[in-house]
Amino acid sequence: MTTTAYAVSGMSCAHCQATLTKVISELDGVTEVGVDLATGQVTVTSAGEPDDALITEVVDEAGYELTGRAA
């Protein structure tokens, strides 16, 4: 399993958290999603190396901006 943290802007409420959890969880290989509104980070656990471009696409389509991997 691989866990990767991403910085996402535009999240502000439980609805944002639920939306991002849902759309990212639907991606192949993703086993767990954690959304931290306070830090603006989304943690994705996947079976292998995550597809950053695909995750960026679904986050953007949901109305948020993935600004890169978090340090």
Side-chain angles (χ1 to χ4, degrees):
M1 292 294 178
T2 302
T3 301
T4 309
Y6 297 95
V8 177
S9 63
M11 303 183 301
S12 62
C13 64
H15 174 71
C16 300
Q17 187 174 26
T19 299
L20 286 173
T21 299
K22 180 181 184 300
V23 298
I24 296 170
S25 293
E26 292 174 348
L27 298 175
D28 285 342
V30 173
T31 58
E32 186 177 343
V33 178
V35 179
D36 188 332
L37 297 175
T39 64
Q41 288 191 359
V42 175
T43 305
V44 178
T45 302
S46 54
E49 189 65 25
D51 184 340
D52 291 349
L54 187 55
I55 292 172
T56 299
E57 182 180 327
V58 298
V59 169
D60 288 350
E61 286 178 1
Y64 307 95
E65 182 183 3
L66 190 149
T67 57
R69 287 190 178 203

- Begin with the C-alpha distance, continue with both residues' side-chain angles, and end with the deciding distance and a verdict on side chain to side chain contact (heavy atoms under 4.5 Å, CB included) for V44 and V30. CA-CA 7 Å; V44 178; V30 173; 4.0 Å; yes
- Item | Rounded distance (nearest 0.5 Å) linking atom OG1 of T3 with atom CE of M1 | 8.5 Å
- Message: Testing the basics here: between A62 and T19, what is the closest heavy-atom pair and its distance to 0.1 Å?
- Response: CB-CG2, 4.0 Å
- Message: Less than 4.5 Å apart, side chain to side chain, heavy atoms only: is that true for Y6 and T56?
- Response: no
- Side-chain donor/acceptor of T31 to backbone N/O of T45, under 3.5 Å: yes
- Note on the structure: Heavy-atom nearest pair, A14 first then L37, reads N-CD1, 4.1 Å
- Does the side chain of M11 come within less than 4.5 Å of V42's, by heavy atoms? yes
- Side chains of L27 and I55: closer than 4.5 Å at any heavy-atom pair? yes
- All heavy atoms of C16 vs all of G10, minimum pair found to be SG-O, 4.1 Å
- Task: Determine the minimum heavy-atom distance between V35 and Q17, stating which atoms define it.
- Result: O-NE2, 3.0 Å
- Check whether any side-chain heavy atom of P50 sits under 4.5 Å from a side-chain heavy atom of T2, and report yes or no. yes
- Task: With the side chain counted from C-beta on, respond yes when T43 and D36 share a heavy-atom pair under 4.5 Å apart, and no when they do not.
- Result: no
- Item | Between CG on residue L66 and CG on residue D52, distance to nearest 0.5 Å | 7.5 Å
- Query: With a 4.5 Å heavy-atom cut-off, do V59 and I24 have their side chains touching?
  - Reply: yes
